[in-house]
Amino acid sequence: MSRVLLVEDEPAIADTLVYALETECFAVTHALTGADALAANAREAHDIAILDIGLPDMTGLDVCRRLRETGSIPVLFLTARDGEMDRILGLELGGDDYVTKPFSPREIVARVRAILRRSGNGNSPAATKATNPVNSGEGFHHDTSSMRIHFGGTPLDLTAHEYKLLLVLMEKPGRVFTRDQLLDHAWQDPGAVTDRTVDAHIKSIRAKLRAASPGAENLIETRRGIGYSLSPH
Ligand code: CA
């Protein structure tokens, strides 16, 4: 059963959501303030947080930031005004989402399901996640909510372009990508860079893989005169 942390200070809205989520077999912890929410999550890890932006003691964005200090919990924001929405859209949302009030409880349940599916949290109990945030010690793992790639359990400190490049390779292991294809996928304005740029970034990703696990750099294979692929093994 997935555990939902609901932070909403308007009792009428909160009651409707608690009822709708519990009917759909979610375990719900409801907090009226940001401080209560942080305390509740410290006692027990949750799989997803639903955060109202306008709370009495802090904003939902503050709560999100504080929650993320200890884990990569996905978040669904509840916003009351268009202005609030702009602030959220300014963030890198990753696996997160938002809905604007008024909304239907059914819509919230559907969004929660979609976010949990995306973040791979759909079935795993929060307790397991808390002790084992990366799903295995082997190989690559993409954490969608924190937008980080791990190798062998170690988070890789990648630049934005390196992250996008590696993600393209990870999505189709064994497939060879030409430098042009990689440029198209990982750069918004590929006209401004050259094939050499791809080579330089691959070199840097390999160095970071080697640092995480010696030998791992060989998982990115060079196909001379063609491009790069990620070893399927
Ligand atoms: Ca509110």
Side-chain angles (χ1 to χ4, degrees), residues 1-131 133 142-148 160:
M1 186 185 280
S2 296
R3 294 171 196 280
V4 181
L5 177 63
L6 170 66
V7 193
E8 167 65 69
D9 60 318
E10 286 173 59
I13 295 178
D15 289 350
T16 323
L17 288 183
V18 169
Y19 178 78
L21 287 161
E22 287 183 346
T23 306
E24 297 294 322
C25 290
F26 290 96
V28 185
T29 307
H30 173 222
L32 290 162
T33 64
D36 285 352
L38 294 169
N41 197 61
R43 278 194 301 273
E44 181 183 41
H46 292 77
D47 296 301
I48 183 169
I50 302 176
L51 304 178
D52 180 29
I53 295 290
L55 295 166
D57 56 341
M58 57 180 91
T59 71
L61 296 172
D62 294 330
V63 178
C64 176
R65 219 167 285 131
R66 297 276 299 275
L67 288 172
R68 292 273 163 81
E69 285 171 6
T70 53
S72 56
I73 185 169
V75 168
L76 175 64
F77 290 106
L78 308 179
T79 77
R81 300 184 301 271
D82 289 349
E84 286 183 341
M85 213 160 79
D86 292 342
R87 287 174 62 195
I88 295 171
L89 289 173
L91 301 174
E92 286 217 343
L93 277 176
D96 302 334
D97 203 353
Y98 69 92
V99 283
T100 308
K101 295 175 183 175
F103 43 73
S104 75
R106 200 185 305 164
E107 183 184 359
I108 300 293
V109 171
R111 297 285 187 107
V112 165
R113 282 227 174 84
I115 294 171
L116 287 173
R117 212 180 303 124
R118 270 207 308 269
S119 64
N121 282 6
N123 303 312
S124 62
T128 317
K129 293 286 298 172
T131 52
H142 179 217
D143 186 331
T144 51
S145 55
S146 67
M147 295 179 78
R148 296 199 77 164

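One-based numbering, in listed order, for ligands and for the atoms of each. Quick note: numbers below take in every heavy atom, side chains included, and nothing from hydrogens, waters or symmetry partners. Residue numbers run from 1 in the order of the sequence given.
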- Which N/O/S atom belongs to Asp9 and is the closest one to the Ca ion (ligand 1)? OD1
- Start with the C-alpha distance between Glu10 and Lys101, add both sets of side-chain angles, then the distance that settles side chain to side chain contact (heavy atoms under 4.5 Å, CB included), and finish with yes or no. CA-CA 12 Å; Glu10 286 173 59; Lys101 295 175 183 175; 3.5 Å; yes
N/O/S atom of [X] under 3.0 Å from the Ca ion (ligand 1), yes or no?
| X | result |
| --- | --- |
| Asp52 | yes |
| Glu8 | no |
| Pro56 | no |

- Message: Any heavy-atom pair between the side chains of Arg3 and Thr29 that's under 4.5 Å?
- Response: no
- Item | Working for side chain to side chain contact (heavy atoms under 4.5 Å, CB included), residues Ile108 and Leu78 | CA-CA 9 Å; Ile108 300 293; Leu78 308 179; 3.8 Å; yes
- In Å and rounded to the nearest 0.5 Å, what is the CZ to CD1 distance from Phe103 to Ile13? 5.5 Å
